[in-house]
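Worksheet: one structure, shown below.
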Number of protein chains: 2
Amino acid sequence: MKKSSIRKNYFFLHQVLFFFAVFAIYGQNDEAQIKSFYDNSLTQGQSYAWLAHLSNTIGGRLSGSENAKLAVEYTKQELEKLGFDVYLQPVLVPKWERGKPEEAFLRVNDKKITVNICALGGSIGTPEKGLEGEVIEVNGMNALEKLTPEDVKGRIVFLNEPMDPTQIHTFKAYGNCVNQRYSGALEAGKLGAKAVVVRSLNLRLDDFPHTGSMTYGDLAVENRIPSVAISTNDAEKLSKLLKEESSLSLYLKMSCKQFDDVLSHNVIAEIKGSEFPNEIILVGGHLDSWDLGDGAHDDGAGVVQSMDVLRLLKLTGIKPKRTIRAVLFMNEENGLRGGLKYAEEAKKKNERHIFALESDSGGFTPRGFSFDCNASYFNQVLQWKPLFEPYLIHYFKQEGSGADIGPLKSEHTVLAGLRPDSQRYFDYHHASSDTFDAVNKRELELGTATMTSMVYLFDKYGLQENSLKH
Amino acid sequence: MKKSSIRKNYFFLHQVLFFFAVFAIYGQNDEAQIKSFYDNSLTQGQSYAWLAHLSNTIGGRLSGSENAKLAVEYTKQELEKLGFDVYLQPVLVPKWERGKPEEAFLRVNDKKITVNICALGGSIGTPEKGLEGEVIEVNGMNALEKLTPEDVKGRIVFLNEPMDPTQIHTFKAYGNCVNQRYSGALEAGKLGAKAVVVRSLNLRLDDFPHTGSMTYGDLAVENRIPSVAISTNDAEKLSKLLKEESSLSLYLKMSCKQFDDVLSHNVIAEIKGSEFPNEIILVGGHLDSWDLGDGAHDDGAGVVQSMDVLRLLKLTGIKPKRTIRAVLFMNEENGLRGGLKYAEEAKKKNERHIFALESDSGGFTPRGFSFDCNASYFNQVLQWKPLFEPYLIHYFKQEGSGADIGPLKSEHTVLAGLRPDSQRYFDYHHASSDTFDAVNKRELELGTATMTSMVYLFDKYGLQENSLKH
């Protein structure tokens, strides 16, 4: 038996005894109230209809785009219709445009083989006529580090580290190799590469290239190189051909471009607390998305769920003691400017956030929450776990929370992320496959109810200091 | 605090202590072995490729059809290729054919409005020119019971009880109103109805009619009436028009037909046990499907997972102590003849099944198991729950198991069903939407690994009598 198991078991026993001691103070009221959130979400939820508009009528909402502006206006209007106080918080955001659809092919012995690529967000374009070069394949950033400028100079670096399929939490697999997408151009650029092509961060073999953010860091402008993602099927094909063919080159043509920052907004709606208005509970997602799909899972889902949390509280007659705020952040994808701005303003105003919950892992069946807080607060949250059991919400772990709420981190705040089932998430993430039809209505609504229940408990009981003393 | 909660908590504490007492006898070997099942399933799984063939190359596999025969041959060959002993167990099955695609429309003030319907499995057809009648709507079987022959005679009965969206377990919602599909024609036929149209058992509003089994019971042949399902969207439309329009009739044309029983087979593959060959562990799914889709979720998934359980055991070097048998049952959908035949033969041969596990709830992310066994055996199984925690398998409940293995029920057998996430299942169930593309490879493979792990534990430890005494 491993030590970690023993520790886990003692902890488990501790939990059981603790549970006996404190469960009496939470009662059947909470059970009934939480049931009403689930019932109402599944029968009268609004999240799916809102998502249909965001996805199908507006579409992809890249920061600084006309669509992002429409999404701000639409969500503001919808929240105002429900009678909430709505405020637009100004924030300057980067503006990058993909331009004309990218073109790419492999040239193998005078034969051209089209491959599916897309520019990574923030990449420079190629010369108007495109560029072409030999390809050198490496298995991720550790392998790239071992190359010299002689290996790389004038070539296109192909970063082909696949996501690890044995990770049950697919976000871990993503985290383990996302650096090739984010820093590939920076590191290959230092070595004098002509361009970078990165295997799409997708566990499935298919034809969709997946975009995402990248950086040039402090690389001089003349050393910056175009950076693209290639579909997993084409990454496999390219890797195979590199082994088989002595003459192979890759042609890329991209017209993407970075513009000056533009003014955009976070959308903030709130219900003022009746007893402790200065204690703020935040629930949020991000309004911007990548431009390829319509951003239904990333993060239209989190946006409409957060809006519906406020609506469900009102619908079920809850008069919150604390201030409940839905925040629809702008620019999570390529800058995090909305999250940073929100935290900056909160600090200026000396606002006290006791709990912040983000949904930014897709609109799939909810499995639980991850928490970023101290052991005492985590212990408090664990008391509530049995209330979620009937809804098959089992996952309560101390892990990360969400990118947008990260800047709110403090000693006296519980940060949390909704954790939906993650198996399908990277089939859609940042790709043209992230569309409304990939979201199931019930799964989305179960997520809303799960979030509402946790917000309700934090509102009712507040943050209990020294929970460990129980 | 409710009594049931107190009982649950004492039980919970009991489990903790029990866990401490017995965990030492299961060790890190099991952890490592189970990890290897998951790793191998996610990297070298065969289930998805087999499912592609069953779904895309063969297609729907209704009992008695040519496709069902092809599926028997294909799975037998694949299992033989892997070196297992394979046996075809003869079983007579019903044969019913849909015939030409059904036609249906609403006639409202001389306007024809096409609606999406399909014959229920086992229904008689209409006269060659179709039939037409006024419609009387009832909210399910309880409402139908209250009608008199005068209400119903010469009319088409419309059973429109929706599945309850507030059920978290969608199979419960299904179970609560499936009787309108199964017995609607029987009860309405007794009252002299002209036909029956049943709301599709689907939680989503869409255009797919969902077929399924039905019965005429002991109804005289002349009283039998055609029985169809209508899509949920069209059920809503019909219900609305019935309220708004004084003149409305429904036209139905179906050419479906029942034929004589035909010979078919269960496919059985096994690894003989090295120490206790007479103790049998069964893992299975059903090879037949409805004819509308390609039966990928119902139950191609269960078939290929069961086949892959045997393959994974072999691949990871397990030499089972007990006999492990994969059984691909024929005719679950409209007769259960395969399951009945298998149990009958097992009884004749005096075979002892200690554990039988069926996967017949779709190829979605596995959440756990339901068990049909006594408290002592259930207690034994609960010891193993922590081994499944890393794979987010949390659901262990005493409930039903699976239709095909049900006839094996005995005092000294643990029956179990794999319980995948059920939110999307009824979007596809028995409809033309149940196709290969609706199955996610990882979700399917996680199910296979989960099944393999439970089979492994039963093989290693056997059935422990009087587990409650610990």
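Throughout, a chain's letter reflects where its sequence line sits, starting with A, and its residues are numbered from 1. Since the model is a prediction, treat every value here as computed from it, not as a measurement.
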Checklist entry - Partners of E161(B) by salt bridge (Lys or Arg N to Asp or Glu O under 4.0 Å), sequence neighbours excluded? => result none
Checklist entry - E236(B): what forms a salt bridge (Lys or Arg N to Asp or Glu O under 4.0 Å) with it, not counting sequence neighbours? => result R199(B)
Tell me, for [X] versus chain A, whether the close heavy atoms (under 4.5 Å) come from the side chain, the backbone, both or neither.
{"X": "Y391(B)", "result": "both"}
{"X": "R424(B)", "result": "both"}
{"X": "Q167(B)", "result": "backbone"}
{"X": "T170(B)", "result": "side chain"}
{"X": "D427(B)", "result": "side chain"}

Item to check | Within residues 429-441 of chain A, residues adjacent to chain B where the heavy-atom gap is under 4.5 Å | outcome: N440(A)
Item to check | Side chains of Y38(B) and I168(A) in contact at under 4.5 Å (non-hydrogen atoms) | outcome: yes
Checklist entry - What residue, out of K35(A), R442(A), E389(A), has the most heavy-atom pairs lying under 4.5 Å from chain B? => result R442(A)
Checklist entry - Any idea which of T43(A), D39(A), L446(A) has the most non-hydrogen atom pairs under 4.5 angstrom with chain B? => result D39(A)
Next on the checklist: How close do P165(A) and L42(B) get, counting heavy atoms only, and between which atoms?
Outcome noted: O-CD1, 3.3 Å
Let me have the donor-acceptor pairs involving side chains of residues 360-369 of chain A, under 3.5 Å, with sequence neighbours excluded, atom names and distances please.
| residue | atom | partner | partner atom | Å |
| --- | --- | --- | --- | --- |
| D360(A) | OD1 | H286(A) | NE2 | 3.2 |
| D360(A) | OD2 | H286(A) | NE2 | 3.4 |
| S361(A) | OG | R419(A) | NH1 | 3.2 |
| T365(A) | OG1 | E443(A) | OE2 | 3.3 |
| T365(A) | OG1 | D421(B) | OD1 | 3.2 |
| T365(A) | OG1 | D421(B) | OD2 | 3.2 |
| R367(A) | NH1 | D421(A) | OD2 | 3.0 |
| R367(A) | NH2 | L392(B) | O | 2.7 |

